[in-house]
Number of protein chains: 4
Amino acid sequence: MSVQVHKDYIVVAQNASGRNMHVPVYRLRGNQPGPTVYIQSSIHGAEVQGNVVIYHLIGMLKSRSLCGEIILVPNCNPVGTNIKAGEYTLGRFDPVNGTNWNRGYFYDPQRLLAFAETVNVQESDESIKQRFRNYWRQAIEDKLAAPWGLGLAQQLNLQLQKLAVEADYVLDLHNGPVSTRHIYIPEYASQSATLFNIPHCIFIPNQFAGALDEATFCPWWTLSDNLQQRFDRPFNFSVEAFTLEMGSQEVIEFDAGKEDAVSIMTYLAAKGVVMDQQLKPLPISRVAVRLSQYKTLFTSFGGMVEYCAKPGQRVTSGEVLARVLNIDELDNERATHEITAPCDLIPILHFPSASVLSGTQLYKVFTEFEQLT
Amino acid sequence: MSVQVHKDYIVVAQNASGRNMHVPVYRLRGNQPGPTVYIQSSIHGAEVQGNVVIYHLIGMLKSRSLCGEIILVPNCNPVGTNIKAGEYTLGRFDPVNGTNWNRGYFYDPQRLLAFAETVNVQESDESIKQRFRNYWRQAIEDKLAAPWGLGLAQQLNLQLQKLAVEADYVLDLHNGPVSTRHIYIPEYASQSATLFNIPHCIFIPNQFAGALDEATFCPWWTLSDNLQQRFDRPFNFSVEAFTLEMGSQEVIEFDAGKEDAVSIMTYLAAKGVVMDQQLKPLPISRVAVRLSQYKTLFTSFGGMVEYCAKPGQRVTSGEVLARVLNIDELDNERATHEITAPCDLIPILHFPSASVLSGTQLYKVFTEFEQLT
Amino acid sequence: MSVQVHKDYIVVAQNASGRNMHVPVYRLRGNQPGPTVYIQSSIHGAEVQGNVVIYHLIGMLKSRSLCGEIILVPNCNPVGTNIKAGEYTLGRFDPVNGTNWNRGYFYDPQRLLAFAETVNVQESDESIKQRFRNYWRQAIEDKLAAPWGLGLAQQLNLQLQKLAVEADYVLDLHNGPVSTRHIYIPEYASQSATLFNIPHCIFIPNQFAGALDEATFCPWWTLSDNLQQRFDRPFNFSVEAFTLEMGSQEVIEFDAGKEDAVSIMTYLAAKGVVMDQQLKPLPISRVAVRLSQYKTLFTSFGGMVEYCAKPGQRVTSGEVLARVLNIDELDNERATHEITAPCDLIPILHFPSASVLSGTQLYKVFTEFEQLT
Amino acid sequence: MSVQVHKDYIVVAQNASGRNMHVPVYRLRGNQPGPTVYIQSSIHGAEVQGNVVIYHLIGMLKSRSLCGEIILVPNCNPVGTNIKAGEYTLGRFDPVNGTNWNRGYFYDPQRLLAFAETVNVQESDESIKQRFRNYWRQAIEDKLAAPWGLGLAQQLNLQLQKLAVEADYVLDLHNGPVSTRHIYIPEYASQSATLFNIPHCIFIPNQFAGALDEATFCPWWTLSDNLQQRFDRPFNFSVEAFTLEMGSQEVIEFDAGKEDAVSIMTYLAAKGVVMDQQLKPLPISRVAVRLSQYKTLFTSFGGMVEYCAKPGQRVTSGEVLARVLNIDELDNERATHEITAPCDLIPILHFPSASVLSGTQLYKVFTEFEQLT
């Protein structure tokens with residue numbers, strides 16, 4: 001038994017030569033009904049490892065028994081992948097205007113509240129869910145049809161969101177600069193943290209800042225909170241969305257990608273999409289922080305830096321994080337100075353270049369983290 | 001009689017060689033008391049014409065009778081000015097992370113409301129103004145001293161804002177891409193629109209989006225609204241802030257800069273900073289829009305574009321704005337197509353390159369504009 | 001009567017998404033035999049005006065009586081056209097390694113001399129020409145098949161040169177930064193200078209520095225010189241190649257492009273490709289220099305510059321070319337300084353940004369130029 | 001006993017703000033006469049590890065007994081170090097025009113031959129050496145004083161070369177993209193290969209392509225060859241110059257830098273600059289190739305790549321070098337393909353990004369290498 005893979009393309013942009021830029025969409029449909037899953041990779045152009053993960057996922061899913069449908073969109077930002085600046089890929093933002101490629105998804109709380117008004121006490125969860133999905137799809141299409149047009153990043157984001165809005169489970173595959181594996185998890189779905197084989201978890205509140213995970217979960221979470229308040233009973237629409245950070249940018253590793261794919265398969269098994277009772281999360285150590293405790297350490301200096309603390313390694317307060325070389329003082333004791341940890345922490349990622357201006361994001365770190373059990 | 005010019009430098013950043021990056025601060029003090037004026041230029045690195053304007057201003061002010069103090073900060077972003085990408089200057093955003101250099105100024109409505117609580121009904125306007133300035137200066141310094149540091153753009157912005165917070169009148173000198181002269185004016189100070197010799201005026205509401213003009217007027221405007229509501233009498237702290245767009249980026253023109261300097265002198269004369277009754281605004285035609293009617297026309301296509309409508313030129317609905325060449329259809333009638341005006345409008349600026357991807361800001365235009373009298 | 005236009009595509013590169021990048025090739029064949037003409041545009045990605053010229057050429061040629069074949073390749077560098085860095089196009093060099101897109105064409109004097117050895121005294125010019133073209137085409141293909149591969153710019157150049165090698169007349173359409181119209185003409189074909197409506201002519205010697213015009217004429221010129229020396233009679237293979245600089249980069253102008261197209265039509269008429277005795281060069285003033293007298297004026301300073309002398313305007317020794325603003329001395333007489341012309345000259349182009357580092361190509365100028373008659 | 005370190009600065013450029021850009025020059029003078037040594041680092045802005053090596057060298061040299069003088073110039077290209085494009089440093093070429101920062105040093109064979117004419121048979125080697133150094137220093141200064149100016153990279157190079165021309169031993173410290181340690185050695189000085197602790201050696205012929213090592217040794221080597229031919233006796237001016245590639249760009253590692261500094265100390269001991277008989281080259285395995293056998297493997301495809309073969313690791317013909325992911329074929333057997341070694345080889349460096357366009361330098365490799373003994 002083998003699942004068929006349907007492949008088509010959507011046009012997400014035109015380049016300066018007037019040529020269409022395409023994104024491949026792979027679809028695998030189970031022969032039983034079930035949830036819809038949406039997985040994309042490389043919205044930031046230099047974060048390419050997710051493409052390998054999707055490659056392995058397709059290989060693994062083809063020979064499985066599936067319920068529902070899985071939509072996979074690798075290399076979802078063909079603009080960002082193809083902007084080279086020197087040997088590297090300028091992939092985090094539109095080179096024309098600096099717009100982050102992951103901040104233009106749609107969310108409009110007013111429009112959501114307008115929908116909530118239309119729900120009455122008798123309506124079933126299933127009916128609400130279906131009506132809201134139609135309503136929200138239309139809202140995205142309205143936005144895309146803005147009479148004066150939209151910026152490139154937003155156009156791209158909304159084209160992808162039109163696919164993601166159909167899904168119950170949305171995974172957005174990213175990479176950090178030089179980074180250990182970590183995952184952003186909405187607080188209401190915190191119990192899903194242990195369904196992936198990812199050691200570092202960040203719990204994020206119900207706030208929208210433009211990214212796909214937020215754009216996916218904020219409407220459902222806000223809607224269920226609103227209805228719960230009005231009708232005084234729990235609502236659960238079972239929509240979850242995560243940003244998975246699969247190691248470092250600018251890197252392709254086939255073997256590591258296989259492990260990441262297994263981790264996602266485990267989640268899909270737990271959610272009843274993949275029929276395999278053997279697929280269980282690994283008994284690894286997992287630590288978690290609230291987003292407010294996930295700190296960015298900016299430099300106050302410019303200079304050349306050795307990153308002494310490695311991503312994933314526990315550092316105690318006062319230990320050396322980085323050592324800075326001072327070009328103008330190589331002959332005296334001010335030649336180097338050290339940046340030390342202001343508290344116990346786990347570095348999750350660091351800047352990928354030794355050369356930093358003042359105000360550079362040197363490290364992002366977990367502070368006041370807790371062991372997950 | 002000649003005004004002395006005091007010059008010093010502030011350090012706003014360190015580069016990757018570990019060297020300090022300086023910004024010159026020119027100060028002219030009148031021998032009579034009066035308002036404080038703060039004028040900066042080139043926060044966006046390619047927008048250099050304001051530096052010429054400041055040059056002419058210093059020349060003009062030196063031989064005048066002044067009341068108060070004028071602080072002039074040309075080339076206020078030495079990082080942005082020095083990032084070349086090809087022959088042009090990549091000056092609108094930090095090349096490391098895409099952050100717009102003009103979005104990191106400080107404004108915190110909670111902190112403002114906390115101050116408002118401390119005002120009682122007897123306190124004089126002058127006392128409130130002085131106390132609030134001290135309070136707000138401290139708030140900026142607290143922000144700058146954030147324990148985990150701040151990003152480069154924000155550090156730069158706050159260093160400048162520490163100077164600007166002392167001022168009653170703040171002018172931020174910018175340029176558009178290919179642009180006619182225009183000015184952003186807070187709605188509460190709309191009567192100042194006719195004090196400059198600038199033909200295109202945009203009235204902006206009391207909303208903060210990170211820029212210096214907003215960061216300057218939002219606190220005072222919000223404070224006076226709050227106190228007015230509580231104490232049921234008008235408050236006016238006489239603080240005004242403007243963003244002046246002095247033509248096109250990447251261009252230095254000494255003669256045009258002299259005219260722009262005269263325009264600013266006229267404003268300063270009206271505000272009692274420069275003692276010269278002869279300095280009067282020119283009787284030019286001025287049109288104005290609300291910010292919500294200042295529209296951006298994005299392209300839905302990629303291609304190569306002739307900008308047929310020139311900045312400042314009135315265009316009626318249906319007229320051609322731009323003509324697009326289609327490289328792949330040069331032998332048939334699809335070789336070109338036209339972008340027409342969706343309504344009566346005045347183009348204020350257009351994109352500076354003929355080569356555009358889909359989602360490019362082709363034009364920014366005035367719609368539903370009105371003649372100022 | 002109307003000439004048919006055949007259009008096909010060649011693949012010149014693959015992008016980082018693994019997608020083919022295409023270049024359109026338009027061919028118009030006369031119903032009488034005649035020379036072959038090859039015209040390309042935009043090898044430098046920001047130099048887009050040549051695409052408009054080709055558009056107009058196709059329109060004009062379609063209704064003409066032609067002898068031979070005309071091959072037109074607009075937008076011949078789809079990589080360079082699509083690298084944006086800020087709002088502009090980083091089009092002169094490969095952003096990965098700095099390689100100029102117009103320096104990787106093929107020329108190998110050893111290989112040419114090996115061919116010359118095979119010519120004997122009886123062989124007709126026509127036979128030599130045909131044999132050499134075959135030989136040289138093969139040499140280009142051998143180069144393309146290099147066992148360890150080739151760099152992107154060179155691959156692109158050789159793919160285009162495979163088309164151009166078939167031609168008797170090769171025109172490479174470029175733009176300067178901010179530029180007046182000018183043309184590079186091989187010295188042996190100097191009489192063709194007056195066949196175009198281009199006012200500024202640069203005569204270049206038989207030296208190869210990597211560009212298409214040189215790669216086209218050097219082999220034929222060197223071959224005819226070699227044979228002439230050996231066989232003591234003149235040889236003329238009637239191959240000419242020119243680089244036409246059609247104004248400023250980053251600009252599309254349909255009307256100006258029509259004039260440029262007429263200028264090329266005039267040349268084609270003179271060469272017997274277009275059958276139209278009415279098409280005559282305009283009686284404009286033309287000046288010319290030898291390449292060694294076409295000077296680049298580099299700055300010794302960094303700063304902000306007004307370009308006072310406009311391209312095409314005659315400047316006498318000592319006149320002001322540029323005025324420089326000194327940010328750190330705005331309050332004294334060192335605030336500005338002037339760059340003056342070291343001799344009588346005609347500026348042909350200047351740097352497109354006011355912001356220059358030391359060592360910037362401020363102007364390129366004609367010196368010791370002569371009037372053409 | 002401790003050697004004093006003298007530090008001063010030279011100005012090598014001005015930035016667009018009109019500010020001088022400085023380079024530090026550290027000098028250590030022995031109390032006995034001896035050779036002059038010149039060591040610079042970071043002419044390519046992202047290649048920063050050499051700065052750490054110089055830091056360690058200063059520390060080691062301070063407590064040694066020295067003969068002669070050692071000149072150390074870290075961070076010798078402050079322009080290149082400070083051009084960020086995204087998070088990385090665009091350090092190999094001038095972002096304005098693509099000029100490689102390491103190709104503008106001076107060498108003029110005509111001028112050298114003019115000098116050789118002035119030598120007569122009686123002149124001592126020492127006299128020739130001193131006269132030629134004066135002559136060549138003047139030639140560099142003449143070049144710097146070019147009446148129409150010079151480009152930025154060339155100005156920078158010549159300023160540095162004015163320091164290097166005084167030296168007998170010149171070391172230029174570089175890094176590769178992702179790279180193992182290797183060294184470029186002029187063929188005439190091949191016996192110095194075993195004086196460094198560097199496992200991979202490339203022997204380069206007497207050809208000038210613009211780099212500092214070539215610009216240093218070509219004149220002396222050519223001069224001695226010329227004189228030897230004329231006077232039929234050997235000449236040896238004992239000038240050597242090397243390019244040392246100290247691992248990967250964008251990286252600072254203090255511990256590795258100490259080992260590299262020891263390697264240079266060993267060379268300096270062998271040359272009689274550092275008085276320490278204990279300093280001996282390590283008995284490591286060293287392999288060498290001629291430059292013509294140091295091959296670059298370009299890609300014919302674009303795509304996303306895993307670099308399977310690591311720098312320094314021996315690979316036999318047919319083994320996998322790289323595995324390429326094909327985004328558009330993830331569901332079939334064309335999803336990946338492999339690049340295999342065309343012969344036995346040692347990869348020395350590979351491209352630092354997984355995302356490659358066609359024509360990318362995937363690997364540089366040793367072929368037909370030999371063990372050094």
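Every chain is numbered from 1 and lettered A, B, ... according to where its sequence line falls, protein lines coming before strand lines.
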(message) Heavy-atom pairs under 4.5 Å with chain A: which of Gly59(D), Gly45(D), Pro352(D), Ala335(D) has the most?
(response) Pro352(D)
(request) Against chain A, work out which of Ile54(D), Val356(D), Ile58(D), Leu57(D) has the most heavy-atom pairs shorter than 4.5 Å and name it. (result) Ile58(D)
(request) List for me each residue that meets ring-ring contact (aromatic ring centres under 6.0 Å, His included) alongside Phe351(A), sequence neighbours excluded, and say none if there are none. (result) none
(message) Looking at every non-hydrogen atom in both residues, tell me the closest pair between Ile252(D) and Val305(A) and how far apart they are.
(response) CB-O, 3.4 Å
(request) Tell me, for Ile327(D) versus chain A, whether the close heavy atoms (under 4.5 Å) come from the side chain, the backbone, both or neither. (result) both
(request) Check whether Leu72(A) gets within reach of chain D through its side chain, its backbone, both or neither, counting any heavy atom under 4.5 Å. (result) neither
(message) Between Pro95(D) and chain A, with a heavy-atom cut-off of 4.5 Å, which part of the residue counts as in contact: side chain, backbone, both or neither?
(response) neither
(message) Does any backbone or side-chain atom of Val5(D) lie under 4.5 Å from a heavy atom of chain A? Answer side chain, backbone, both or neither.
(response) both
(request) Pick whichever of Ile83(D), Leu325(D), Leu330(D), Leu357(D) has the most heavy-atom pairs under 4.5 Å with chain A. (result) Leu330(D)
Anything under 3.5 Å between chain D and chain A that's a donor-acceptor pair? List each one with its distance, please.
residue, atom, partner, partner atom, Å
Lys7(D), NZ, Asp328(A), O, 2.6
Tyr9(D), OH, Asp328(A), OD1, 3.0
Tyr26(D), OH, Ile327(A), O, 2.7
Tyr26(D), OH, Asp328(A), O, 3.3
Tyr26(D), OH, Glu329(A), N, 3.2
Tyr26(D), OH, Leu330(A), N, 2.9
Lys62(D), NZ, Asp331(A), O, 3.0
Lys84(D), NZ, Ser353(A), OG, 3.1
Lys84(D), NZ, Ser355(A), O, 2.6
Glu87(D), OE1, Gln249(A), NE2, 2.9
Tyr88(D), OH, Gln249(A), NE2, 2.9
Gln249(D), NE2, Glu87(A), OE1, 2.9
Gln249(D), NE2, Tyr88(A), OH, 2.9
Glu250(D), O, Ala354(A), N, 3.0
Glu250(D), OE1, Ser353(A), OG, 2.5
Phe254(D), N, Glu306(A), OE1, 2.8
Glu306(D), OE1, Phe254(A), N, 2.8
Ile327(D), O, Tyr26(A), OH, 2.7
Asp328(D), O, Lys7(A), NZ, 2.6
Asp328(D), O, Tyr26(A), OH, 3.3
Asp328(D), OD1, Tyr9(A), OH, 3.0
Glu329(D), N, Tyr26(A), OH, 3.3
Leu330(D), N, Tyr26(A), OH, 2.9
Asp331(D), O, Lys62(A), NZ, 3.0
Ser353(D), OG, Lys84(A), NZ, 3.1
Ser353(D), OG, Glu250(A), OE1, 2.5
Ala354(D), N, Glu250(A), O, 3.0
Ser355(D), O, Lys84(A), NZ, 2.6

